[in-house]
There are 2 protein chains.
Amino acid sequence: MDKKTPNIQDVAREAGVSTATVSRAISNPSVVSAATREAVLEAIRSTGYHTNMVARNLRQRRTGAIVVLVPNLGNPFFSRILAGVEQAAAQAGFSVLIVDTKQPHANENQLFTYLHSARADGLIVLDGSLPLEFLGEMDAPGRMPPIVFACEWIADSPFSKVVIDNEAGSATAVRHLHELGHRRIGHVMGPPGNVLTETRREGTRAALADLGVEIAPEWFFSGDFSLHSGVEAARQWLTLKRRPSAVFCASDQMACGFISELSMEGYSVPDDVSVVGFDDIDIAQRFIPPLTTIHQPRTQIGTTAAKALIERINSEGRERTIAHQVLTVELVERKSTAPLGQSAVKQD
Amino acid sequence: MDKKTPNIQDVAREAGVSTATVSRAISNPSVVSAATREAVLEAIRSTGYHTNMVARNLRQRRTGAIVVLVPNLGNPFFSRILAGVEQAAAQAGFSVLIVDTKQPHANENQLFTYLHSARADGLIVLDGSLPLEFLGEMDAPGRMPPIVFACEWIADSPFSKVVIDNEAGSATAVRHLHELGHRRIGHVMGPPGNVLTETRREGTRAALADLGVEIAPEWFFSGDFSLHSGVEAARQWLTLKRRPSAVFCASDQMACGFISELSMEGYSVPDDVSVVGFDDIDIAQRFIPPLTTIHQPRTQIGTTAAKALIERINSEGRERTIAHQVLTVELVERKSTAPLGQSAVKQD
DNA sequence: GCGGTGCCTGTAATCGATTACATCAAGCTT
DNA sequence: AAGCTTGATGTAATCGATTACAGGCACCGC
């Protein structure tokens, strides 16, 4: 009754040839005669056949899929990166599996399992806080599937990565504020332990030091990249006696939260404080005020990482070279920053 | 030299048992004796064995994966839905493949191929504009993999879906504006042909008619859910001689764009216009002003759709019932709406 | 007329698991 | 003591493709 889905044997029978010929007609058409090819194609059409990818994958010992480990799928920052990955992967005929590393997975180490289980040919990791053991056990030579880190990474680990220059970006932000005359510059940080937090904080600190500007510990607000932590930082700012006249936030989301909370409390950006963000997420250019921020080429990060990974996969793993690609970021000046003193924060 | 990854035979040899026993020890431990089980587990440990999923999938004729068809991965609206899907899928031991339907795929009909190729056991479709033929050809009984639509859907198609009540949501938005005293109410629409566009437009129109309020064609602004189309709508609004004193936007992104552009032109929300959004995306509560909007339970939509799909998959396809789940939406009152006349739009 | 060359196609092994069926030993019933 | 049940394990078929290898056939030159 419910006829099962046709397989290559059905096609072979229908076309009056062997399965080998069908297979060849599909994946290497030039080696079969034109007549046979036609017959096979016709049989494929009439049976409604589609190649069973699982069988092909088993035989070829590759899956045509890559998995992306995302720290938090709910965070819109990653959407464009995923889009970039998907785009490059699709172009190369790969499909994309996504896994949220923060989610409790059915199998405690299911995440780990992905790597060995021949479910995917390679891995893009966007989460630098992944316990290294997960990846480390695969150190056995010849066993480790190709891995590329993107955005975040694990310090001193032997993996390729596609990242941006966080120090340079932070320095650019700080210098921009300095050029506008600001001398009290604060920084809203990411979550503790995160590489991005650290590199951006260090970039900020170094630039500040370079410019010979005051560095006050209480002007380094803790955060976690989220909208809400920007709000918290703003509340912190409000309690300060000596307030920074400008704040560089390590993410746009925090910048938005920061500005929003200040605005609710009757302060205005950039009149009372200048704010610079980081990322240039979609909403940044239409926030009120439009956010001055450090633009990250998010889609490009995704495509670059995917291409690097796929190239590695296709090179049959012979190439054990570790490549670090650093994409450049740039300042986008909009309306959330202004020269100090226009109507600036009251000086003590 | 580079020893290939161990397979079940290696484990069997190491443990001195047959492959059948190894397989049983893994997936049905209760049927093997304790001693054997221990020996097998030890052998697994010592060889570093991991089940090859592709082989298992081939034999069991299931993949343990579902694919999600997303209209535009770059749109942050979908991030939480994906997160919900991933969460529910992970809990049930499924992995998630994502495909951007707007992306040009390597293989013209690769998208279509996903369905037959035994790459996935089922499908969640978030794109209602998918040509029905893609799905239609699978009408052959017993061949069609389970499909669940979410958010968007195809009118009159025989597929299960998880959606929200768009008409009710729109009506709620309109009534809210009406209660505030507004009598000139505009609507910024989604892209033409989209089900959400239509249901929200109809919900709006019906509510307007119900309330006996003027319905002017020029107050229905065209858009496409994007930030930028909200900007365009604002420009349109500015050209009007008789302007609506309140506007209901079919997406938060458009609402943000609308407010942003107006703000740049010196108008203020809600003093000059009240604005209601739709979706309640993350930024809504921290926009300036915080957006009054129709809240969609996005994560829940994702988990619900995934659960429905997985249940269908696990029921072995015997159940051909089509279930439509409608989740409720609610108005979240924030600061982008205000009573008419406080300082309202100049009446002619 | 015979071996050599290409071109096409078929046979059968293979990828790595799962699982229906067979087997076998031990314990129990009557 | 024969027969039956039960539990543990092994044997081998199977899932659906790909591909190494082996023909078969036509055509060629000598």
- Item | Spacing between I8(B) atom CD1 and dG16(C) atom C1', to the nearest angstrom | 8 Å

- Walking DNA chain C from its 5' end, the first of G16(A) and S27(B) to be reached, judged by nearest nucleotide, is G16(A)

- Check whether any side-chain N or O of R61(B) sits under 4.0 Å from OP1 or OP2 of dG16(D), and answer yes or no. yes

- Message: We want to know whether D10(A) and T47(A) form a side-chain donor-acceptor pair, criterion being a heavy-atom distance below 3.5 angstrom.
- Response: no

- Message: Base, sugar-phosphate or nothing for V22(B)? Non-hydrogen atoms, less than 4.0 Å.
- Response: nothing

- Gap between atoms CE and C1', on M53(A) and dG16(D) respectively (whole Å): 12 Å

- Query: Can you name the closest pair of heavy atoms from P29(B) and A25(B) and give their distance?
  - Reply: CG-O, 3.6 Å

- Which whole-number value in Å describes the distance from R24(B) CZ to dA22(C) C1'? 12 Å

- Query: Does the side chain of N57(B) come under 3.5 Å of the side chain of T63(B) through a donor N or O and an acceptor N or O?
  - Reply: no

- Task: Give a yes-or-no answer on whether the side chains of Q87(A) and D100(B) include a donor-acceptor pair shorter than 3.5 Å.
- Result: no

- Are S33(A) and dT9(C) close enough that a side-chain N or O sits under 4.0 Å from OP1 or OP2? yes

- Task: Give a yes/no on whether any side-chain N or O of T21(A) is located under 4.0 angstrom from OP1 or OP2 of dG10(C).
- Result: yes

- Query: Can you check the I26(B) CD1 to dT9(D) C1' distance for me, whole Å?
  - Reply: 16 Å

- Note on the structure: Separation of dC15(D) atom P from H50(A) atom NE2, nearest Å, is 20 Å

- Query: Is any N or O donor-acceptor pair between the side chain of R56(A) and the base of dT18(D) shorter than 3.5 Å?
  - Reply: no

- Roughly how many Å is it from CG in N7(B) to C1' in dT18(C), rounded to a whole number? 14 Å

- Message: Side-chain N or O of Y49(A) versus OP1/OP2 of dA17(D): is the shortest distance under 4.0 Å?
- Response: yes

- Message: Judged by each residue's nearest nucleotide on DNA chain D, which is more toward the 5′ side, S18(B) or R59(B)?
- Response: S18(B)

- Rounded off to whole Å, could you give me the CD-to-P distance for the Q60(B) and dT19(C) pair? 5 Å

- N or O in side chain of T19(A) less than 4.0 angstrom from dG16(D) OP1/OP2: no

- Take atom CZ of R62(A) and atom P of dT14(C), then tell me their distance rounded to the nearest Å. 22 Å

- Return the set of residues passing side-chain hydrogen bond (donor to acceptor under 3.5 Å, both in side chains) with Q9(A) (not counting sequence neighbours), or none when no residue passes. none

- Which nucleotide in the set dG16(C), dG10(D), dT9(C) lies at the smallest distance from any side-chain heavy atom of A20(B)? dG10(D)

- Note on the structure: Between V31(B) and L58(B), the residue closer to the 5' end of DNA chain D by nearest nucleotide is V31(B)

